Protein chains: 2
Amino acid sequence: MASAAAVPLAPEPGLSRYAAIAAALRARVLAGEWGPGQALPSEQALAAQHGVAMATLRRAMELLASQGFIERIHGRGTFVRAGLSAAPMLMRFFRFGDGSGEVPTSRIVSRRKSPAPAEVARRLGIARGDPVLQLLRLRSLGGQPRLLEEIALPLPLFQVLADTPTAEWDDLFYPMYAQRCGVHVQRAVDEIGFGTLNAARAAHLGLAAGHPCARVVRRAYDLAGRCVEARTTLGDAHAFHYEVTIT
Amino acid sequence: MASAAAVPLAPEPGLSRYAAIAAALRARVLAGEWGPGQALPSEQALAAQHGVAMATLRRAMELLASQGFIERIHGRGTFVRAGLSAAPMLMRFFRFGDGSGEVPTSRIVSRRKSPAPAEVARRLGIARGDPVLQLLRLRSLGGQPRLLEEIALPLPLFQVLADTPTAEWDDLFYPMYAQRCGVHVQRAVDEIGFGTLNAARAAHLGLAAGHPCARVVRRAYDLAGRCVEARTTLGDAHAFHYEVTIT
DNA sequence: AAGTGGTCTAGACCACCGA
DNA sequence: CGGTGGTCTAGACCACTTA
């Protein structure tokens, strides 16, 4: 099995060589062979493993990189993507922290363990009644509450957060998930809609009941495609703003 | 100047060969050497012209293709992109025509030539007072008006539309711009926000004054990067829905 | 200096399209 | 069939990072 090893069993007959290799590498990553943030073997090594020329192996890598699955760093190596950039992924939908340079703050209003209601279960892809951690979080700017977040986390996975005082939590949740729970958010889908605030929610935001709000429903997924967080963010509709480029 | 012709004058010193070639090709397209929808020379011809290997030329082409600038069709050739897919680019933001299979209709409510107000001029990137064609268009579904569009078109360019009875207009505007005015929309930017309807606009949509609305402000650009259309679309906020994937 | 990914070459062969 | 773009090879050399 030295030189003519090549593809052992074609995963899909109609697939080009580089696409097959990309699929194989993807599978190996999902199987946990290399974890998020870790380096893959060098191109040379992988090319030898798969019995193809370097250029072909590189095409496979480029494919995976273009899909955001791996990250290639010149002179250092190729790495499994560690997760979404720690950045303020959410606030970008709202005029939040623009200009003044003021620091946004966040506060956990409530935390409770409970069986998943139907809607939450559906979003997380778990069974109704499975245990989840439900959080209510208020994000403020300059002392003004701006965004209300309702977050649901599947529970065996996020048990650590149920046991840690919320005062010790980090401001950025996704890096915290990675460090404390070993959960790496790799992809998220946001659904944007519109509605009005009920009295309880409006009170948190300092608005009148019935005030129009923008609603961003997010589902966050890890590398394996499991939904690991369901989050609904509500904010004043008039402060909502988003830009899309169509090509 | 046969074999060692190569790059005549490097456009940017720090640029790789393929990036330089991509830039050069881009410039030739913008200069009008090949119009939208037309074929570029074959890879072989272009590689010879630039004095590089086919693989390098191909990298340049792949770059341009990934940017949506050209379209490569196996066995046929490489073409300058003709414009945005004729599709219902706009309605995708609204629940509009879902399910029932009913046919959306559109009607031009008003058309008038006028000097550009400041806001319109800013969006189109022209001077205040330059002549524009301003349209008001109502899009309906099942007899129900759903979207109100305010469209501004710079005027020397779209004169044909000022002279053609609106009854003869096509339903899809972008293909019509291409056929009748020689304007190919290649890229568009949408800004999404929420607001409320004033009495006049609400009346067109059959809603009450002050009703919450979603507002999509679009700027459409041609290949050369000129803004050729400024469009504001208003619709019932409760019918608004959009999905974004973050990676 | 050794190891990584990035660029480039000069070919070969294949898959697709149209006359 | 001839011409197009798509895949693949087996090299060479360059640029960047780390130690």
Side-chain angles (χ1 to χ4, degrees), chain A residues 2-7 10-25 29 34 37-82, chain B residues 2-8 10-25 29 34 37-81:
Chain A
S3 66
V7 179
E12 291 250 4
L15 233 50
S16 56
R17 205 73 165 273
Y18 77 89
I21 291 171
L25 288 174
V29 169
W34 314 286
Q38 291 186 343
L40 270 61
S42 71
E43 297 181 344
Q44 218 170 31
L46 287 172
Q49 276 180 37
H50 290 86
V52 295
M54 295 257 316
T56 303
L57 191 278
R58 280 181 60 75
R59 280 214 64 172
M61 300 288 252
E62 277 154 19
L63 221 192
L64 293 175
S66 77
Q67 296 168 175
F69 208 77
I70 59 175
E71 198 170 357
R72 327 190 67 203
I73 303 179
H74 194 165
R76 297 226 301 132
T78 302
F79 303 82
V80 177
R81 267 198 79 189
Chain B
S3 65
V7 179
E12 292 249 4
L15 231 49
S16 57
R17 206 74 164 275
Y18 77 89
I21 291 172
L25 288 174
V29 169
W34 313 285
Q38 290 186 345
L40 269 62
S42 71
E43 296 181 344
Q44 217 171 32
L46 287 173
Q49 275 180 37
H50 290 85
V52 294
M54 295 257 316
T56 303
L57 191 279
R58 279 180 61 73
R59 280 213 64 172
M61 300 290 252
E62 276 154 20
L63 220 192
L64 293 174
S66 78
Q67 295 168 177
F69 209 75
I70 59 177
E71 197 170 358
R72 327 190 66 203
I73 303 180
H74 194 164
R76 298 226 300 130
T78 302
F79 304 82
V80 178
R81 266 198 83 191

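Every chain is numbered from 1, with letters handed out A, B, ... down the list of sequences. Everything numeric in this text was worked out from a predicted model, so none of it was measured. Atom set for the values below is all heavy atoms of this structure, side chains included, hydrogens, waters and symmetry mates excluded.
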Practice item. Could you tell me whether the phosphate oxygens of C:dT7, OP1 or OP2, come under 4.0 Å of any side-chain nitrogen or oxygen in B:Thr56? Key: no
Check your understanding: Rounded to whole angstroms, how far apart are CZ on A:Arg58 and P on D:dA10?
Key -> 17 Å
Check your understanding: Is any side-chain heavy atom of A:Ile70 less than 4.5 Å from a side-chain heavy atom of A:Phe79?
Key -> no
Review point. Would B:Val29 and B:Leu25 satisfy side-chain contact (heavy atoms from CB on, under 4.5 Å), going step by step from the backbone distance to the final call?
Key: CA-CA 6 Å; B:Val29 169; B:Leu25 288 174; 5.6 Å; no
Review point. Is there a side-chain polar atom (N or O) of B:Arg76 under 4.0 Å from OP1 or OP2 of D:dG3?
Key: no
Exercise for review: Measure across B:Ala47 and B:Leu57 and return the closest heavy-atom pair with its distance rounded to 0.1 Å.
Suggested key: N-CG, 3.7 Å
Exercise for review: Name the residue closer to the 5' end of DNA chain D, choosing between A:Ala19 and B:Glu43 according to the nucleotide with the nearest heavy atom.
Suggested key: B:Glu43
Exercise for review: Find out whether B:Arg72 and B:Glu43 are in side-chain contact, i.e. whether some heavy atom of one side chain is under 4.5 Å from a heavy atom of the other.
Suggested key: yes
Practice item. Using atom CD of A:Glu62 as one end and atom P of C:dT7 as the other, report the distance to the nearest whole Å. Key: 8 Å
Practice item. Supply the atom-to-atom distance A:Tyr18 OH to A:Glu62 CD, rounded to the nearest 0.5 angstrom. Key: 10.0 Å
**Study point:** Spacing of A:Arg17 atom CZ relative to D:dG6 atom C1', expressed in whole Å
**Key:** 15 Å
Exercise for review: Could you please name the option among D:dG5, C:dT9, C:dT7 that lies closest to any side-chain atom of B:His74?
Suggested key: D:dG5
Exercise for review: Measure from CG on B:Leu57 to P on D:dT4 and round the result to the nearest Å.
Suggested key: 12 Å
Practice item. For D:dT4, take OP1 and OP2 only and decide whether either is under 4.0 Å from a side-chain N or O of B:Arg72. Key: no
Practice item. Could you tell me the separation between the CE atom of B:Met54 and the C1' atom of C:dA12, rounded to a whole number of Å? Key: 12 Å
Check your understanding: Between B:Leu40 (CG) and D:dT4 (P), how many Å, whole number?
Key -> 13 Å
Study note, to complete from the structure: When rounded to whole Å, the CZ to C1' distance for the pair A:Phe79 and D:dC16 reads 13 Å
Check your understanding: Which one, D:dT9, D:dG6, C:dT9, comes nearest to the side chain of B:Ala55?
Key -> C:dT9
Revision key, fill the gap. Atom CZ of A:Arg59 and atom C1' of C:dG5 are separated, to the nearest Å, by 17 Å
Review point. Should B:Tyr18 be listed as having a side-chain N or O under 4.0 Å from OP1 or OP2 of C:dT7?
Key: yes
Point to revise | Comparing A:Ile73 and B:Gly75 on DNA chain C - which has the more 5′ nearest nucleotide | key: A:Ile73
**Study point:** Under-4.0 Å side-chain N/O to phosphate OP1/OP2 contact, B:Ser42 with D:dG3
**Key:** no
Review point. Looking only at side-chain N and O atoms, does A:Ser16 come under 4.0 Å of OP1 or OP2 in D:dG6?
Key: no
